[in-house]
Engineer: 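There's a structure below that I have some questions on.
Being a predicted model, the structure only gives us computed values, none of them experimental. Every number for a ligand or one of its atoms is a count from 1 in the order of the listing.
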Amino acid sequence: MSKIIAIASDHAGPDYKKRLIEYLTAKGYTCLNMGTDTEDSVDYPIYAHKVCEKILSGEAEFGILICGTGIGMSIAANKHAGIRAGLCADPESAALTRQHNNANVLCMGARTLSFEKVVEITDAFLGAEFLGGRHQRRVDMLENL
Ligand code: RB5
């Protein structure tokens, strides 16, 4: 298992991002750190785009985006055709966004979640599989909106 994950945050999340990269690397994932790495103010759409590019080019299978709430990152990521970003605040939603939405990006809030919760949510997301079937039809519809 060597899934490649592109991961980025804005200035609200570099500490969570660093710790999550350490956690995922220890579990055997390869993480592409797309920044930012300091708390100097940056613009989240730039970092969402960097991660989406890695997925759309095939260099990464999944993306993780962290900002203050996760909301801005999810809005930015979902502007990209082929990206399905789920904003999650609990592990159940994280598993379901893989199973039902075939989400390829997980968005979380560094200012709204504990790091322990971020880890739980990430584990649930990466541990779930897309169920296909009727969900595939709906995912196909998303691409045509
Ligand atoms: C940055 O202050 C904040 O707006 C950003 O991290 C995010 O929460 C936006 O949705």
Engineer: Looking only at protein heavy atoms, which one is nearest to atom 2 (O) of ligand 1, and how far off is it?
Structural biologist: R111 NH1, 3.2 Å

Engineer: Give yes if a backbone or side-chain nitrogen or oxygen of G72 is under 3.5 Å from a nitrogen or oxygen of ligand 1, and no if not.
Structural biologist: yes

Engineer: In the protein, what heavy atom is nearest to atom 6 (O) of ligand 1, and what distance, to one decimal place, separates them?
Structural biologist: D10 OD2, 2.6 Å

Engineer: Side chain, backbone, both or neither: which applies to M73 and ligand 1 if a contact is any heavy-atom pair less than 4.0 Å apart?
Structural biologist: neither

Engineer: Is a salt bridge present between R19 and E22, judged by a nitrogen-to-oxygen distance below 4.0 Å?
Structural biologist: no

Engineer: To the nearest 0.1 Å, how far is atom 1 (C) of ligand 1 from its closest protein heavy atom, and which atom is that?
Structural biologist: H11 NE2, 3.5 Å

Engineer: So which of G109, S9, C67 gets nearest to atom 7 (C) of ligand 1, if we judge by its closest heavy atom?
Structural biologist: C67

Engineer: Are any of the N or O atoms of G68 closer than 3.5 Å to those of ligand 1?
Structural biologist: yes

Engineer: Might you check, step by step, whether the distance between atom 4 (O) of ligand 1 and some protein heavy atom is under 4.0 Å?
Structural biologist: no

Engineer: When Y29 is tested against each of L20, I5, I21 for side-chain contact (heavy atoms from CB on, under 4.5 Å), which residue passes?
Structural biologist: I5

Engineer: Measure the SG-CE distance between C52 and M34 for me, rounded to the nearest 0.5 Å.
Structural biologist: 10.5 Å

Engineer: Taking heavy atoms and a distance under 4.0 Å, where does T69 meet ligand 1: side chain, backbone, both or neither?
Structural biologist: both

Engineer: So H135 and H100, would you call those rings parallel, tilted or perpendicular, with 30° and 60° as cut-offs?
Structural biologist: parallel

Engineer: If the threshold is 4.0 Å, N to carboxylate O, is there a salt bridge linking K17 and D37?
Structural biologist: yes

Engineer: Would you say ligand 1 has an N or O under 3.5 Å from any N or O of Y44?
Structural biologist: no

Engineer: Do M108 and T122 have side-chain heavy atoms sitting under 4.5 Å apart?
Structural biologist: yes

Engineer: In terms of relative ring orientation, are H80 and H49 parallel, tilted or perpendicular, with 30° and 60° separating the classes?
Structural biologist: parallel

